[in-house]
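See below for the structure under consideration.
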Amino acid sequence: MFDLNNLLRDNIKRLVPYSSARDEFKGEASIFLDANENSFGSPLPRAYHRYPDPLQWKVKYRLADIKGVPPQNIFLGNGSDEAIDILFRAFCRPGIDNVVLCPPTYGMYEVSANINDVTVRKATLTADFQLDLDAIQAAIDENTKLIFICSPNNPTANAIRKEDIEVILNNFEGIVVVDEAYINFSRQKTLIQELTEYPNLVILQTLSKAWGLAALRVGMAFAGEDIIDIFNKIKPPYNINQASQELALEALNNIDQVNGWIRETVQERGKLEQTLQQLPIVQQVYPSDANFLLVKTVDAKGIYNKLVEQGIIVRDRSRVELCAGCLRITIGTPEENITLLNALKNMTL
Ligand SMILES: *Cc1c(COP(=O)(O)O)cnc(C)c1O
């Protein structure tokens, strides 16, 4: 049975969180002399002299509407990377506990594990980039606290079968983290509606990809309220700055523009996939549920260098396991994609 109290580190269970001025007085007032801010104002056209809302409720209420989940089930981090780091600090005892990763996948999970001195156990994906359930089972022991599943997966671009994720959710007593950074581009649906069914599920999403706000650094975690409370206890008090909160809220009110870009990206993805497949330097274009393509080529390094010479930068993933010969190519604007394809068509290696 899943028991959050058994999973939590003792120091986090005992932790008395920092209590900020904004925590201690929350109502309306006319004179605020409680936080040592500059009472005169800020040297900017917009007011930035007050500390921001530590729990970012305005942004969360808007997100709650969009995502169909109560605001109490949302955590906002300084990028998803902050949520990933907090998961390690909440659940993994340095030098004792371990986590299971399914490579090839997003590099930050392993970096965050290393920073926190947590052992990584690897269950490599199958040849068709799906979960190897037997390998995952074999990797789990009594000190395994987290399993990270990235779907759609970076860098392989495919969505992970939902039935396989549910097998893990039903059988693993630790936390299952499903990273849905690319979910907006996927044929597969988000697992957010499954949160009520699985107390051990944490879903990560981000404003950095489809929402076009990578520079604002706003990542989201969706989970049961008891897990969200732990995130909030650990996070720095003002982890999302006022400018990011205001701009995120403004952007979330422009959902139609974003949905238009998503449709266009998916269309371009199809065209790019078809055209790439016909090039002699391309051996295989893997199916994509994301805003990028994983492309197996005859010479990844050579093609990469030739593209750099023309001012076009893609990602060389050829040294990543299961990705020999592969480049990861982000879907560009129609004009960018044409330029890329022309460069590849005319390339002599
Ligand atoms: C890009 C990406 C993220 C986003 O991280 P942020 O810190 O929110 O910008 C998260 N997970 C995966 C798999 C990604 O590729």
Side-chain angles (χ1 to χ4, degrees), residues 79-81 102-111 124-125 127-129 150-159 179-187 206-217 258 260-349:
S80 319
D81 293 346
C102 305
T105 193
Y106 186 43
M108 204 58 207
Y109 314 137
E110 184 160 13
V111 172
T124 304
L125 296 175
D128 61 347
F129 301 144
C150 188
S151 180
N153 186 40
N154 180 5
T156 60
N158 62 301
D179 187 342
E180 297 185 337
Y182 299 99
I183 195 69
N184 310 72
F185 306 102
S186 182
R187 284 156 278 235
T206 180
L207 298 187
S208 297
K209 305 287 157 65
W211 282 94
L213 299 172
L216 290 194
R217 309 308 302 131
V258 171
W261 283 330
I262 293 167
R263 274 193 295 275
E264 202 171 354
T265 301
V266 168
Q267 251 172 33
E268 285 294 309
R269 179 178 75 195
K271 284 198 276 178
L272 200 57
E273 182 182 2
Q274 274 204 331
T275 317
L276 284 170
Q277 244 146 13
Q278 287 155 13
L279 299 181
I281 56 172
V282 169
Q283 292 179 337
Q284 189 175 359
V285 183
Y286 293 95
S288 173
D289 271 274
N291 66 338
F292 58 88
L293 293 170
L294 187 72
V295 183
K296 195 180 186 71
T297 67
V298 292
D299 176 11
K301 188 102 214 321
I303 295 168
Y304 174 86
N305 287 332
K306 285 267 159 81
L307 286 175
V308 169
E309 281 171 23
Q310 299 178 62
I312 301 170
I313 315 301
V314 298
R315 198 85 193 264
D316 181 2
R317 300 279 78 185
S318 58
R319 286 171 306 272
V320 171
E321 70 188 292
L322 302 184
C323 297
C326 287
L327 297 171
R328 193 193 71 188
I329 304 176
T330 305
I331 310 301
T333 62
E335 300 73 36
E336 289 173 335
N337 299 334
I338 288 168
T339 307
L340 169 78
L341 285 170
N342 283 335
L344 291 172
K345 275 177 200 156
N346 300 325
M347 194 172 281
T348 45
L349 288 166

By the ring pair (Phe, Tyr, Trp, His ring centres under 6.0 Å) test, which pairs, at least two apart or in different chains, include something from residues 325-349? none
Closest heavy-atom pair and its distance - T156, L294: CA-CD2, 3.9 Å
Rounded to the nearest 0.5 Å, how far does OG of S318 lie from OH of Y304? 10.5 Å
For the atom pair OG1 (T206) and CD1 (I183), what is the distance rounded to the nearest 0.5 Å? 13.5 Å
Just grab all the ring pair (Phe, Tyr, Trp, His ring centres under 6.0 Å) pairs involving residues 322-345, residues at least two apart or on different chains. none
Ignoring hydrogens, what is the shortest heavy-atom contact between L327 and D316? Give both atom names and the distance. CD2-CA, 3.8 Å
Anything under 3.5 Å between a donor and an acceptor, one on a side chain of residues 339-349, the other on a protein residue two or more places apart or in another chain? List them.
from	atom 1	to	atom 2	distance (Å)
T339	OG1	E335	O	3.0
N342	ND2	I338	O	3.4
N346	ND2	N342	O	3.1

Among residues two or more places apart or on two chains, list those pairs meeting ring pair (Phe, Tyr, Trp, His ring centres under 6.0 Å) that have a residue in residues 265-286. F129-Y286
To the nearest 0.5 Å, tell me how far M108 CE sits from N154 CG. 13.0 Å
Carefully, step by step, assess R315 and T330 under the rule side chain to side chain contact (heavy atoms under 4.5 Å, CB included). CA-CA 9 Å; R315 198 85 193 264; T330 305; over 6 Å; no
P334 side chain near E264 side chain, heavy-atom distance below 4.5 Å: yes
What residue pairs, at least two apart or across chains, pass side-chain hydrogen bond (donor to acceptor under 3.5 Å, both in side chains) with a residue in residues 265-283? E268-K271, E268-N337
For the CG atom of N158 and the OG atom of S186, what is their distance to the nearest 0.5 Å? 9.5 Å
With sequence neighbours excluded, give me every salt bridge (charged side-chain N to carboxylate O under 4.0 Å, His left out) pair touching residues 295-307. none
Contact check, side chains of D289 and Y182, non-hydrogen atoms, under 4.5 Å: no
Could you go through the ring-ring contact (aromatic ring centres under 6.0 Å, His included) check for F292 and F185 one step at a time? CA-CA 10 Å; F292 58 88; F185 306 102; 8.8 Å; no
Does N184 reach the side chain of V258, with side-chain heavy atoms less than 4.5 Å apart? no
Can you tell me how far CD1 of I312 sits from CD of E336, rounded to the nearest 0.5 angstrom? 9.5 Å
Residues Y106, D81; criterion side chain to side chain contact (heavy atoms under 4.5 Å, CB included); working and verdict: CA-CA 11 Å; Y106 186 43; D81 293 346; 3.0 Å; yes
Side chains of I281 and T297: does their closest heavy-atom pair fall under 4.5 Å? no
Main-chain N/O of P104 paired to N153 side chain as donor or acceptor, under 3.5 Å: yes
Quick one: are W211 and L216 in side-chain contact, heavy atoms under 4.5 Å? no
How long is the span from the SG atom in C326 to the CG atom in L293, to the nearest 0.5 Å? 11.5 Å
